Amino acid sequence: SIPAAHRGAQRFGEYLNQPWYDALLNWGEFQWEGDVVLTKYMETALPKGYWKGKRVLELGAGTGFASFVAALLGAQCVITDGDARVLELAKLNADKNLTPDEQALLDYSQLKWELAYDPDWKYEKGERWDAILAADVTYYSKNIPPLTKMLQRLAGPDTEIFLAHT
């Protein structure tokens, strides 16, 4: 289960580590330490109220944990992952752990990093993010070039990027 390192982790209990299909098909099924480290930083190292009203994009969200914590801190979040099945898991996690009002702060969208530009992605046109979150998404070095291109594509001059790697 998730270490109870901070208030956010305690809130979500065991659901975040429960695979929703029989076999390990994707690393996004599991809660990784980088999410816990990132969310503890989000809760404790930034000024109180920092996340209130922010537009946040999470890349490679997996279970959605970082976005859940950002939403609890007042952000409007878009949870993305390249695997549609993993996004379904994130939705299930939200259903099990968040109130309807908290869930209203979340949206879900499949996003594949290898696409240099996707005119069909609903957030592609002119969206600017206050913050972009990504935790434990650099476990394969082959992920770094597409991640870098994705950050260049989606971050504006004032976007803050929070990247955790454990």
Side-chain angles (χ1 to χ4, degrees), residues 1-3 5 8-39 42 55-73 75-125 127 129 131-155 161-166:
S1 68
I2 300 168
Q10 291 173 347
R11 167 84 186 268
F12 293 105
E14 64 185 71
Y15 295 103
L16 292 172
N17 265 349
Q18 298 300 315
W20 63 286
Y21 41 92
D22 294 334
L24 173 60
L25 299 175
N26 189 298
W27 292 112
E29 291 183 3
F30 294 94
Q31 186 63 43
W32 296 98
E33 187 178 352
D35 259 344
V36 176
V37 171
L38 175 60
T39 55
M42 290 165 57
R55 296 271 307 138
V56 174
L57 176 69
E58 185 177 6
L59 298 175
T63 61
F65 185 58
S67 287
F68 297 170
V69 172
L72 289 172
L73 295 171
Q76 181 76 38
C77 302
V78 176
I79 298 171
T80 70
D81 201 280
D83 188 330
R85 298 169 301 174
V86 171
L87 286 175
E88 289 302 317
L89 174 62
K91 289 177 189 175
L92 176 64
N93 287 331
D95 289 344
K96 299 273 187 188
N97 292 286
L98 299 174
T99 68
D101 286 344
E102 292 163 347
Q103 289 181 47
L105 295 171
L106 304 173
D107 194 12
Y108 304 83
S109 186
Q110 187 174 8
L111 179 62
K112 295 184 181 280
W113 298 356
E114 62 272 12
L115 298 176
Y117 173 75
D118 183 359
D120 295 327
W121 190 52
K122 65 182 177 178
Y123 293 103
E124 188 72 60
K125 298 179 180 79
E127 190 72 39
W129 306 99
I132 297 175
L133 309 175
D136 280 339
V137 296
T138 56
Y139 49 91
Y140 290 130
S141 60
K142 68 177 185 166
N143 290 348
I144 295 172
L147 172 62
T148 302
K149 287 181 182 176
M150 185 63 58
L151 291 171
Q152 290 171 336
R153 170 177 140 199
L154 297 173
I161 298 170
F162 297 86
L163 179 62
H165 176 82
T166 56

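In this text the structure is predicted, and so the values were computed from the model without any measurement.
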Chemist: For Thr80, which residues count as a side-chain hydrogen bond (donor to acceptor under 3.5 Å, both in side chains) partner, sequence neighbours excluded?
Modeler: none
Chemist: State the CG-CG distance between Asp95 and Asn93, to the nearest 0.5 angstrom.
Modeler: 9.0 Å
Chemist: Evaluate the side-chain contact (heavy atoms from CB on, under 4.5 Å) criterion for residues Leu111 and Met150: first the C-alpha distance (whole Å), next the side-chain angles of each, then the deciding distance (0.1 Å), finally the verdict.
Modeler: CA-CA 10 Å; Leu111 179 62; Met150 185 63 58; 3.8 Å; yes
Chemist: Would you call Glu88 and Lys91 a salt bridge, taking side-chain N to carboxylate O under 4.0 Å as the test?
Modeler: yes
Chemist: Tell me the closest heavy-atom pair linking Trp121 and Arg153, and the distance in Å.
Modeler: CE3-NH2, 4.0 Å
Chemist: Between the main-chain N or O of Ala94 and the side-chain N or O of Gln103, is there a donor-acceptor pair closer than 3.5 Å?
Modeler: yes
Chemist: How close do Ala70 and Leu133 get, heavy atom to heavy atom, and via which atoms?
Modeler: CB-CD1, 4.4 Å
Chemist: To check you understand the geometry: which heavy-atom pair defines the closest contact between Ser109 and Leu87, and what is its length?
Modeler: C-CD1, 3.5 Å
Chemist: Please check if the side chain of Glu33 supplies one atom and the backbone of Thr166 the other of a donor-acceptor pair under 3.5 Å.
Modeler: no
Chemist: As an exercise, state the distance from CD1 of Ile79 to CG of Leu59, rounded to the nearest 0.5 Å.
Modeler: 12.0 Å
Chemist: Main chain of Asp35, side chain of Asp136: is a donor-acceptor contact present, judged purely on distance under 3.5 Å?
Modeler: no
Chemist: How close do Trp113 and Leu147 get, heavy atom to heavy atom, and via which atoms?
Modeler: CZ3-CB, 3.7 Å
Chemist: Go through it in stages, so that I can follow the logic: the residues are Phe68 and Thr63, the test is side-chain contact (heavy atoms from CB on, under 4.5 Å), and I'd like the CA-CA distance, side-chain angles, deciding distance and then a yes or no.
Modeler: CA-CA 9 Å; Phe68 297 170; Thr63 61; 5.9 Å; no
Chemist: Once rounded to the nearest 0.5 Å, what's the spacing between atom CZ of Arg85 and atom CD of Gln110?
Modeler: 10.0 Å
Chemist: Determine whether Leu154 and Leu57 make a side-chain contact, defined as any pair of heavy atoms from C-beta on separated by less than 4.5 Å.
Modeler: yes
Chemist: For Ala71 and Leu106, work out which heavy atoms get closest and say how close.
Modeler: CB-CD2, 3.9 Å
Chemist: Which value, rounded to the nearest 0.5 Å, describes the distance between Tyr123 atom OH and Asp107 atom CG?
Modeler: 3.0 Å
Chemist: Determine whether a donor-acceptor pair (N or O, by modelled atom type, separation under 3.5 Å) exists between the side chain of Asp81 and the backbone of Gly62.
Modeler: yes
Chemist: Leu98 and Leu72: side-chain contact (heavy atoms from CB on, under 4.5 Å), yes or no, with the steps?
Modeler: CA-CA 9 Å; Leu98 299 174; Leu72 289 172; 4.2 Å; yes
Chemist: Please find the pair of heavy atoms, one from Phe65 and one from Val36, that lie closest to each other, and give the distance.
Modeler: CE2-CA, 4.3 Å
